Amino acid sequence: MAAVQICDLHGHVGDPVTLRGWVVTTRSSGKIAFAVLRDGTGTVQGVLSKKEVSEETWASFGALTQEASVTMTGLVRDDPRSPGGVELSVTSLTPLGASPDFPISPKEHGTSFLFEHRHLWLRTRRQTAIARVRHEVEQAIRDYFYHEGFTLVDTPILTGAIGEEAGNLFATDYFDLGKAYLAQTGQLYVEAAAAALGKVYCFGPTFRAEKSKTRRHLTEFWMVEPEVAFNDSDANMRLQESFVSCIVARALERCREELKELERDPSVLERVQAPFPRISYTDAVTRLNGLGSDIKWGDDLGGDDETLLAKEFDRPVLVFNYPREVKAFYMKENPADPRTVLNNDCLAPEGYGEIIGGSQREDDYDRLLARIHQQGLDPEAYRWYLDLRKYGTFVHAGFGLGIERTVAWICGIPHIREAIAFPRQIHRLYP
């Protein structure tokens with residue numbers, strides 16, 4: 001008998017089936033026994049009657065422990081009281097893999113212990129719910145760009161060009177060519193691709209060596225970065241509104257059970273619809289001062305400032321035109337106020353902070369070269385990047401959305417380290 005998946009059991013009511021999976025819990029009254037089984041697609045309760053199964057099957061049940069892998073065969077029955085609406089009347093049970101002393105029991109465990117056993121913690125209902133939301137977010141991203149006519153471009157992980165601050169790089173010796181760096185961003189490369197394909201994006205891991213211990217930072221994280229030829233800063237913000245709204249709507253549509261498991265209030269996410277409120281950096285500083293912050297014009301917004309500002313809105317807010325001196329060299333100078341650049345951050349509500357950073361890019365060769373010199377970067381490493389302004393320069397804009405921050409916000413979890421299967425932090429490289 002071929003094995004079926006638990007998620008398909010509704011189509012097999014009245015039929016004998018075989019399931020394969022892992023034991024969640026067991027209990028027995030002496031004559032009737034229960035084993036909850038999960039297989040990655042769902043959970044179901046198996047019911048065994050001592051008088052109706054063989055002695056071998058009954059003994060096999062008695063040896064089961066949490067997370068043992070088993071094969072169960074039985075008859076599928078309707079049962080409205082069961083979480084999935086069905087249960088399995090077990091006729092036979094075959095252990096596949098024992099699980100003595102599984103370390104993660106139903107009792108409370110400390111965070112350090114759980115991350116030390118992350119490879120096993122992933123099996124719990126909460127963690128699988130987060131993983132499914134992340135999967136849906138990533139699929140929504142790919143579907144959105146596919147339907148909008150974007151082309152996926154895979155950009156280098158090892159690079160000789162720096163996208164952000166030089167002090168936040170992981171460096172390695174690269175044969176006889178000097179230093180190479182783990183990419184902080186694929187942006188510079190998708191700018192080149194935008195001149196070939198118009199609307200492009202990259203999607204992959206990025207790395208930051210900053211020694212940050214906040215709940216919003218990882219040293220390795222995933223980012224999606226679209227770039228659009230002939231988009232200016234305003235068009236870039238409109239794309240962000242549409243994009244984020246689509247992702248959240250998809251999670252609400254397809255992850256209702258997962259969000260329920262995570263005790264996430266869906267009404268908060270239902271308000272995430274375009275257009276988003278917009279506020280200039282200058283006005284944001286004024287508003288923050290009125291709310292008690294001591295931020296001064298010229299300072300970058302810190303995490304506390306982002307949280308304080310975002311509390312004023314019921315959906316993400318776009319803060320635009322930051323001071324030039326606190327932003328990256330590639331951002332376009334604001335012709336209306338040369339102190340600032342044509343950029344924006346998208347701040348999620350409820351204290352989750354920046355989920356998107358974006359800008360119109362500097363398309364003038366001389367201005368870009370001057371900024372490279374000003375920030376102490378090597379112009380030779382950016383010779384190819386400068387070529388984009390030398391041969392058919394064009395207005396263009398793009399942004400980067402951090403997957404873990406977005407997933408943490410949608411799930412309502414307090415720290416982004418749970419939003420990726422195996423987080424990398426300054427104090428953690430295991431497992």
Side-chain angles (χ1 to χ4, degrees), residues 111 126-127 129-138 140-141 206 208 210 212-225 237 240-252 255 258-279 281 284 287-288 291 293 295 300-320 322 343-358 399-421 423-425:
T111 299
R126 173 184 169 86
Q127 298 308 313
I130 295 169
R132 290 189 187 283
V133 173
R134 180 183 176 118
H135 166 75
E136 198 60 54
V137 165
E138 292 190 340
I141 287 168
T206 51
R208 301 285 169 89
E210 57 188 307
S212 176
K213 296 181 180 180
T214 80
R215 64 189 182 93
R216 299 177 181 176
H217 289 85
L218 297 170
T219 58
E220 176 184 321
F221 59 97
W222 282 66
M223 188 156 61
V224 58
E225 298 177 90
M237 287 189 276
Q240 292 169 44
E241 293 171 333
S242 170
F243 181 52
V244 172
S245 298
C246 178
I247 293 170
V248 173
R250 177 76 162 261
L252 283 168
C255 297
E258 287 78 10
L259 295 174
K260 183 178 180 182
E261 173 67 30
L262 296 166
E263 300 181 332
R264 182 59 158 140
D265 180 1
S267 67
V268 175
L269 299 175
E270 287 164 358
R271 293 194 289 268
V272 180
Q273 298 182 27
F276 296 167
R278 298 185 187 185
I279 183 171
Y281 166 87
R287 182 175 293 205
L288 284 166
L291 294 170
S293 171
I295 187 173
D300 204 356
L301 298 189
D304 290 342
D305 294 315
E306 291 177 347
T307 297
L308 192 60
L309 184 63
K311 282 182 178 179
E312 298 291 290
F313 306 94
D314 67 350
R315 66 195 69 193
V317 56
L318 301 170
V319 184
F320 62 92
Y322 282 67
N343 82 308
N344 79 277
D345 287 346
C346 178
L347 309 182
E350 304 172 89
Y352 285 92
E354 177 194 340
I355 56 172
I356 285 178
F399 62 86
L401 175 139
I403 301 301
E404 288 76 19
R405 288 188 183 184
T406 303
V407 170
W409 163 50
I410 291 174
C411 290
I413 56 180
H415 200 299
I416 66 170
R417 63 192 170 195
E418 286 187 72
I420 188 169
R424 292 292 174 252
Q425 299 169 273

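From a predicted model like this one, the values you see are computed outputs, not experimental measurements. Values reported hereafter were calculated over all heavy atoms of this structure, with side chains retained and with hydrogens, waters and symmetry mates removed. Sequential numbering from 1 along the given sequence is applied to the chain's residues.
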Is there a donor-acceptor pair under 3.5 Å between the side chain of Arg405 and the backbone N or O of Glu354? yes
Going by the rule side chain to side chain contact (heavy atoms under 4.5 Å, CB included), which residues pair with [X] if we only count those two or more places apart in sequence or in a different chain?
| X | value |
| --- | --- |
| Ser293 | Leu288, Ile295, Asp305, Leu308 |
| Ala140 | Arg250 |
| Asp300 | Tyr322, Val326, Lys327 |

Give, for atom CG of Leu269 and atom OG of Ser245, the distance between the pair rounded to the nearest 0.5 Å. 11.5 Å
Ignoring hydrogens, what is the shortest heavy-atom contact between [X] and [Y]? Give both atom names and the distance.
| X | Y | answer |
| --- | --- | --- |
| Pro316 | Pro349 | N-CD, 3.8 Å |
| Gly402 | Thr406 | O-OG1, 2.8 Å |
| Ala419 | Ile413 | N-CD1, 4.1 Å |
| Leu309 | Ala284 | CD2-CB, 3.9 Å |
| Ala348 | Ala310 | O-CB, 3.5 Å |
| Ala129 | Glu261 | CB-CG, 4.0 Å |

May I ask you to check whether over 12 heavy atoms, not counting those of Asp314, lie within 6.0 Å of atom CG? yes
Suppose we screen for side chain to side chain donor-acceptor pair (under 3.5 Å). Which residues come up paired with [X], at least two apart in sequence or across chains?
| X | result |
| --- | --- |
| Glu306 | Arg216 |
| Thr111 | none |
| Asn344 | Gln240 |

Got [X] and [Y] here, is their nearest side-chain heavy-atom distance under 4.5 Å?
| X | Y | result |
| --- | --- | --- |
| Ile410 | Ile247 | yes |
| Leu318 | Ile356 | no |
| Ile416 | Arg215 | no |
| Ile130 | Glu258 | no |
| Tyr281 | Asp345 | no |

Restricting to salt bridge (Lys or Arg N to Asp or Glu O under 4.0 Å), what partner residues turn up for [X], sequence neighbours left out?
| X | answer |
| --- | --- |
| Glu404 | Arg134 |
| Glu220 | none |
| Arg264 | Glu350 |

Ignoring hydrogens and angles, write down the donor-acceptor pairs under 3.5 Å from the side chains of residues 270-279, residues two or more places apart or on other chains.
residue	atom	partner	partner atom	Å
Glu270	OE2	Arg256	NH2	3.2
Gln273	NE2	Glu270	O	3.1
Arg278	NH1	Asp234	OD1	2.6

Mind checking ring pair (Phe, Tyr, Trp, His ring centres under 6.0 Å) for Phe243 and listing every partner two or more places apart, or none if nothing turns up?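 Only Tyr144, Phe145, Phe399 meet the ring pair (Phe, Tyr, Trp, His ring centres under 6.0 Å) criterion with Phe243.
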Evaluation steps, side-chain contact (heavy atoms from CB on, under 4.5 Å), between Leu347 and Ile355: CA-CA 6 Å; Leu347 309 182; Ile355 56 172; over 6 Å; no
Got a sec, which pairs hit side chain to side chain donor-acceptor pair (under 3.5 Å) with one end in residues 407-420, sequence neighbours left out?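 Output for this query lists Arg126-Glu418, Gln127-Glu418.
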Leu218 vs Gln425, side-chain contact (heavy atoms from CB on, under 4.5 Å): CA-CA, chis, key distance, verdict: CA-CA 5 Å; Leu218 297 170; Gln425 299 169 273; 3.7 Å; yes
Let's go through Phe320 and Asn343 carefully: what are the C-alpha distance in whole Å and the side-chain angles of both, what is the deciding distance for side-chain contact (heavy atoms from CB on, under 4.5 Å) to 0.1 Å, and is it a yes or a no? CA-CA 6 Å; Phe320 62 92; Asn343 82 308; 5.8 Å; no
For a side-chain contact (heavy atoms from CB on, under 4.5 Å) check, start with the C-alpha distance between Phe221 and Thr206, then their side-chain angles and the critical distance, and finish with the verdict. CA-CA 5 Å; Phe221 59 97; Thr206 51; 3.0 Å; yes
